[in-house]
Amino acid sequence: MAERGTPAEEIDTSRPHPARMYDFFLGGKDNYEIDRIAAHRIMETAPEVLVSVRENRAFMQRAVRFLVGNGIRQILDIGTGLPTSPNVHEVAHEISSDVRVAYVDNDPIVNVHANALMSGRGVGNTSIVMADLHDPQAIIDHPDVRKVIDFDQPVGLSLVAIAHFIADAQDPWGIVATLRDALPAGSYLMLSHTANDIYRDRTDAEAVYNSSTAALKLRSHAEILRFFDGFDLLEPGLVQVPFWRPDGPLPGDARGVGYYGGVGRL
């Protein structure tokens, strides 16, 4: 996200954007024609994308409820994307109105929409921060993060559908480890990630993302599991997201969902 007041002309509408494409998959309206064209190309080669994205969103909501239900009162949500309702703070506040949330993203369009969503709401216990997951220490040290996140108390770290935008060469596992090492005991990691070992032939879909503003890196179950190093992975482990503690009937095509997700505790 950008700082408040970022001019709209900084938003790149010449190429598809993953956050706007994700919004389209969720049925949102905060997207442009170029995003819709790219999204339809992905749907043609990977038709499971719609149920995958929606089940991933549902996983996030269940995981937030779990964290807040287990005493977490501050959540650091990195790579928040466009704030399609209900978002993290809305889900958390259904259970406890005193939960504090720091939203972090590196894209101006997310900043614009997040500030609009948060206008007049939860001003004292939310923060909207322009920062980049590639520099985790800058996130930890950011004053607007520190306004709402006390790193001496347990934190819920949310990395939902974000680590797959970091290439292997940029050491995503080291990035997550830096964030982990800033958290006190009793903190949680909730993470989801696109998989390359559910549907193996998705090179065309990857190519669409690679022509967007952020390349996509699908990973295997074993590779994604490494993000939980140092955490105690809670039951049922790292699973396709519909199978993480479902609270209703599973979709008929749940086995085709292309995201793994899990929650770990320090």
Side-chain angles (χ1 to χ4, degrees), residues 1-2 10-12 14-23 25 34-35 38-39 41-42 45-46 48-49 52-53 56 59-60 76-82 103-111 129-142 157-182 189-231 238 240-241 257-262 264:
M1 302 176 191
E10 289 189 17
I11 297 171
D12 182 3
S14 67
R15 291 189 293 165
H17 188 285
R20 300 193 305 252
M21 292 160 61
Y22 197 90
D23 174 75
F25 292 138
I34 196 164
D35 307 306
R41 286 175 58 199
I42 292 173
T45 188
E48 73 280 1
V49 66
S52 294
V53 165
N56 183 63
F59 160 77
M60 177 276 287
L76 177 57
D77 181 21
I78 303 177
T80 187
L82 286 167
Y103 288 114
V104 179
D105 208 288
N106 70 346
D107 198 274
I109 192 168
V110 175
N111 174 73
V129 179
M130 176 71 171
D132 195 316
L133 182 56
H134 291 89
D135 188 355
Q137 194 62 48
I139 294 174
I140 295 163
D141 295 336
H142 198 291
L157 172 60
S158 174
L159 297 174
V160 172
I162 182 62
H164 49 224
F165 292 117
I166 301 177
D168 288 353
Q170 297 166 318
D171 190 15
W173 300 280
I175 288 171
V176 174
T178 297
L179 293 166
R180 177 201 66 208
D181 292 346
L189 168 64
M190 49 182 278
L191 178 144
S192 67
H193 194 295
T194 49
N196 67 7
D197 54 6
I198 297 171
Y199 284 102
R200 295 181 182 275
D201 185 15
R202 287 296 179 262
T203 55
D204 289 346
E206 283 186 274
V208 174
Y209 274 101
N210 293 346
S211 67
S212 75
T213 58
L216 180 70
K217 173 62 177 176
L218 305 181
R219 294 189 170 96
S220 68
H221 186 276
E223 290 173 312
I224 299 167
L225 191 61
R226 288 177 55 194
F227 288 113
F228 289 93
D229 286 354
F231 292 89
L238 181 66
Q240 287 171 278
V241 289
V257 168
Y259 283 85
Y260 289 121

Taking only residues two or more places apart in sequence, or in another chain, which ones meet Arg219 in a salt bridge (Lys or Arg N to Asp or Glu O under 4.0 Å)?
-> Asp168
Can you name the residues that form a side-chain contact (heavy atoms from CB on, under 4.5 Å) with Thr194, not counting sequence neighbours?
-> His164, Leu216, Leu218, Tyr259
Asp77 meets the salt bridge (Lys or Arg N to Asp or Glu O under 4.0 Å) criterion, sequence neighbours left out, with none
Tell me, please, which residues at least two apart from Asn56 pass side chain to side chain donor-acceptor pair (under 3.5 Å).
-> Tyr22, Ser192
What pairs with Asp171 under side-chain contact (heavy atoms from CB on, under 4.5 Å), at least two apart in sequence or on another chain?
-> Trp173
Between Val257 and Ile198, is any pair of side-chain heavy atoms under 4.5 Å apart?
-> no
What residues, two or more places apart in sequence or in another chain, satisfy side-chain contact (heavy atoms from CB on, under 4.5 Å) together with Ala163?
-> His193, Phe227
With Thr178, which residues qualify under side-chain contact (heavy atoms from CB on, under 4.5 Å), at least two apart?
-> Pro136, Gln137, Ile140
Side chain proximity check, Asn196 to Glu223, heavy atoms < 4.5 angstrom | yes
Go through the structure and list residues passing ring-ring contact (aromatic ring centres under 6.0 Å, His included) with His221, not counting sequence neighbours.
-> Tyr260
Between the side chain of Ser52 and the main-chain N/O of Gly258, is any donor-acceptor distance below 3.5 Å?
-> yes
Hey, could you give me the CZ/CG distance between Phe231 and Leu157, rounded to the nearest 0.5 Å?
-> 6.5 Å
If you measure from CG on Asp132 to CD1 on Ile139, what distance do you get to the nearest 0.5 Å?
-> 7.0 Å
Separation between NE2 (His134) and CD1 (Ile166), nearest 0.5 Å, reads 5.0 Å
The reported gap from CG in Leu159 to CZ in Arg180 (rounded to nearest 0.5 angstrom) is 12.5 Å
What's the spacing between Leu179 CG and Leu133 CG if we round to 0.5 Å?
-> 6.5 Å
Inter-residue atom distance Leu238.CG - Ile224.CD1, 0.5 Å rounding = 6.0 Å
Specify the closest pair of heavy atoms between Ala167 and Pro172, including all atoms of both residues, with the distance to one decimal.
-> O-CD, 3.3 Å
